[in-house]
Amino acid sequence: MRNRNKIAAMLLAGGQGSRLKAMTKDVAKPAVPFGGKYRIIDFALSNSTNSDIRDIGILTQYKPFLLNEHIGIGSSWDYNRNYGGLSILSPYSTESGGRWYEGTANAIYENIDYLDRIGPEYVLILSGDHIYKMDYNELLKYHKQKGADVTIAVMEVPWDEASRFGIVNVDEDDKIVEFDEKPENPKNNMASMGIYMFNWPTLRAALIKDNAIEDSKHDFGMNVLPDLLNNNNPMYVWKFDGYWKDVGTVRSYWEANLDLLDPNNTLDIYDKNWRIYTRSRNLPPHYISENAKVKSALVNEACEIYGNVTNSVLFSGVIIEEGASVYNSVLLPNSVVKKNAIVYNSVVLDGIIIEEDESIGKEDDDKVYLISDEGINIE
């Protein structure tokens, strides 16, 4: 094993993801399907497996059934082991009653006993709703070289998106000097990825301190990290230069799926040395008829294609009938495009039927269409 230091990962997977609208009506954001056969959480879980992290806690909250079913005992990521392994950590009741986790920091605080039992040297905080590949050992190596109490993974984001993120300001040695949580006018575009490496004693003391503050939001970005900075704890950024996408909106979700069709995409889900694992559904192969036309597409198991598909991602069980055409779209499991229908720039949710001769979007359209049982939502 590469990890000679004891790391426990805590994966925050309880988010509703309200900006994804109908996509998260019945499922937590980390469990939303992605990339033809995966779910969003598979990327953080696979990174942990590939980084040889032995212990990982999954903190669930919002509508966790499908997420829990997908994760199971962690066997798809090799976490069904005798020593270490994966634990589902849901909100629970105490003598004073039960409650939801009140923030990202509170979620970890409520599971201090779990971490104490593991006894880690370092705790890695992860988010379950980002698409990326990362070797967490490189983050740990940098953390130790800097003698940091906290190291935050960051990357540059487009300036017009910077106000969506926590922005980190640093000195010439990449030591953090200021946090700017979702600023209206950011000073730079170096955004926190929501990936934090902590020395466990530092994190433990900070969580206990934050929990005692009544008006705290119990959030890492708003409360815990600024307080540590004010107390002069050594905090650094680690700059990540690979592919990373916060699929927090319908458009960003659509873009991230279609990015997989780009042969120059650095995410590279075909990399045999860094596999993305998921739960197998054991479905039959897809079928493409002799009259079908398929160009630049990801086509998953049990699909049946009789029409035309271009630059699109098809999840399992999708049916494209004769004469139907699909362009620049993401079709979730068991959706159907009926005869002679045309679909552009769309995300079609599970089991939705696009009726015969129906037309959605246009060839040069810059809009994205979310098709659900609630109708058509335009982004």
Side-chain angles (χ1 to χ4, degrees), residues 2-5 7-10 12 44 47-48 51 53 104-105 108 120-127 130-207 209-210 216-217 219-246 248 252 266-267 274:
R2 287 179 290 166
N3 260 328
R4 298 183 181 276
N5 301 282
I7 301 177
M10 298 292 274
L12 298 163
N47 288 337
S48 298
S51 299
I53 290 178
T104 53
I108 307 301
E121 294 179 53
Y122 307 97
V123 173
L124 175 64
I125 308 296
L126 302 171
S127 172
H130 298 148
I131 305 299
Y132 68 110
K133 294 195 303 187
M134 180 186 289
D135 187 346
Y136 300 133
N137 291 290
E138 295 300 316
L139 174 57
L140 176 62
K141 180 181 177 181
Y142 178 88
H143 177 82
K144 294 170 63 180
Q145 286 175 345
K146 288 294 188 179
D149 281 350
V150 187
T151 301
I152 300 175
V154 299
M155 72 175 300
E156 292 186 355
V157 297
W159 275 97
D160 59 351
E161 295 183 17
S163 59
R164 288 176 48 205
F165 298 93
I167 299 299
V168 186
N169 299 311
V170 300
D171 65 14
E172 64 280 358
D173 192 37
D174 287 332
K175 188 174 184 179
I176 298 171
V177 297
E178 183 184 22
F179 288 102
D180 218 354
E181 185 66 16
K182 298 181 179 179
E184 188 173 331
N185 298 299
K187 297 177 182 178
N188 66 64
N189 63 335
M190 194 162 59
S192 168
M193 300 171 68
I195 299 170
Y196 314 126
M197 183 71 75
F198 283 92
N199 295 341
W200 172 227
T202 299
L203 175 59
R204 193 181 192 282
L207 292 174
K209 179 181 179 182
D210 176 72
S216 173
K217 298 291 186 182
D219 181 85
F220 278 110
M222 287 189 286
N223 305 112
V224 172
L225 294 173
D227 185 66
L228 287 169
L229 184 63
N230 290 337
N231 289 333
N232 296 317
N233 289 76
M235 305 172 69
Y236 289 83
V237 298
W238 179 68
K239 296 175 181 177
F240 179 69
D241 61 358
Y243 181 94
W244 179 80
K245 194 84 165 182
D246 175 8
S252 64
T266 56
L267 185 67
W274 200 272

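Numbering of residues begins at 1 and proceeds along the displayed sequence. In this text the structure is predicted, and so the values were computed from the model without any measurement. Computed over heavy atoms, backbone and side chain alike; hydrogens, waters and symmetry mates excluded.
- For the atom pair CG (Leu225) and CG (Asn230), the distance works out to 11.0 Å, reported to the nearest 0.5 Å.
- Under the 4.5 Å side-chain criterion, counting only non-hydrogen atoms from C-beta, Ile195 is in contact with Leu139.
- Closest heavy-atom contact between Ser127 and Ala44: O-CB, 3.8 Å.
- Note that the CE atom of Met222 and the NZ atom of Lys182 stand 7.5 Å from one another [nearest 0.5 Å].
- Nearest approach of Pro183 to Ser163, heavy atoms of both residues: O-CB, 3.0 Å.
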Mind running side chain to side chain contact (heavy atoms under 4.5 Å, CB included) on Leu12 and Ile108 for me, showing each step along the way? CA-CA 9 Å; Leu12 298 163; Ile108 307 301; 4.1 Å; yes

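- By the ring pair (Phe, Tyr, Trp, His ring centres under 6.0 Å) test, Tyr136 is found to be paired with no residue, residues two or more places apart in sequence or in another chain being considered.
- Residues Ile152 and Phe179 have side chains in contact (heavy-atom distance under 4.5 Å, counting atoms from C-beta outward).
- Between Met190 and Val170 the shortest side-chain heavy-atom distance falls below 4.5 Å.
- Counting heavy atoms from C-beta on, the side chains of Lys146 and Pro234 never come closer than 4.5 Å.
- The main-chain N or O of Ile53 is never found under 3.5 Å from a side-chain atom of Ser48 such that the two would form a donor-acceptor pair.
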Taking it one step at a time, do Asn233 and Thr202 satisfy side chain to side chain contact (heavy atoms under 4.5 Å, CB included)? CA-CA 9 Å; Asn233 289 76; Thr202 299; 3.8 Å; yes

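- Heavy atoms from other residues, nucleotides or ligands lying under 6.0 Å from CG of Asp241 number 12 at most.
- Side-chain contact between Lys133 and Leu267 is present, with at least one heavy-atom pair separated by less than 4.5 Å.
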Side chain to side chain contact (heavy atoms under 4.5 Å, CB included) for Tyr122 and Asn199? Distances and angles first, verdict last. CA-CA 5 Å; Tyr122 307 97; Asn199 295 341; 3.2 Å; yes

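- Listed here is the closest heavy atom pair of Phe198 and Leu228: CE2-CD1, 3.8 Å.
- The two residues Ile7 and Pro120 make their nearest non-hydrogen contact at C-CB, 4.5 Å.
- Using a 4.5 Å heavy-atom threshold, the side chains of Ile167 and Asn189 count as separate.
- Checking side-chain atoms of Asp173 against main-chain N and O of Lys175 turns up no donor-acceptor pair under 3.5 Å.
- Side-chain N or O atoms of Tyr196 include none that pairs as donor or acceptor with a backbone N or O of Val123 at under 3.5 Å.
- Side-chain atoms of Leu203 and Val150, non-hydrogen and from C-beta on, never get closer than 4.5 Å to each other.
- Using a 30° and 60° split on the angle between ring planes, Phe240 and Trp238 fall in the tilted class, from 30° to 60°.
- A salt bridge links Arg164 with Asp246: the distance from a Lys NZ or Arg NE/NH1/NH2 to an Asp or Glu carboxylate oxygen falls below 4.0 Å.
- Distance check: Met235 CE to His143 NE2 gives 10.5 Å after rounding to the nearest 0.5 Å.
- A side-chain N or O of Asp135 and one of Asn137 form a donor-acceptor pair less than 3.5 Å apart.
- The two residues Asp210 and Ser216 come nearest to each other via the heavy atoms OD1-OG, 2.6 Å.
- Looking only at side-chain heavy atoms (C-beta outward), Ser51 and Trp274 come within less than 4.5 Å of each other.
- Partners of Glu178 according to the side chain to side chain contact (heavy atoms under 4.5 Å, CB included) rule, which considers only residues two or more places apart in sequence or in another chain, are Asn169, Lys187.
- Taking CH2 of Trp159 as the reference point, atom CG of Asn188 lies at 5.5 Å (rounded to 0.5 Å).
- In terms of modelled atom types and a separation under 3.5 Å, the side chain of Asn47 and the main chain of Met134 share a donor-acceptor contact.
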Applying side chain to side chain contact (heavy atoms under 4.5 Å, CB included) to Val224 and Lys209, what does each step give before you reach the verdict? CA-CA 9 Å; Val224 172; Lys209 179 181 179 182; over 6 Å; no

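- Checked by atom type and distance alone, the side chain of Asn223 pairs as donor or acceptor with a backbone atom of Lys217 at under 3.5 Å.
- Below 30°, between 30° and 60°, or above 60°: for Phe165 and Trp244 the angle between ring planes is between 30° and 60°, a tilted geometry.
- Within 6.0 Å of NZ on Lys245 lie more than 12 heavy atoms contributed by other residues, nucleotides or ligands.
- In this structure, Met197 CE and Tyr142 OH are separated by 13.0 Å, a value rounded to the nearest 0.5 Å.
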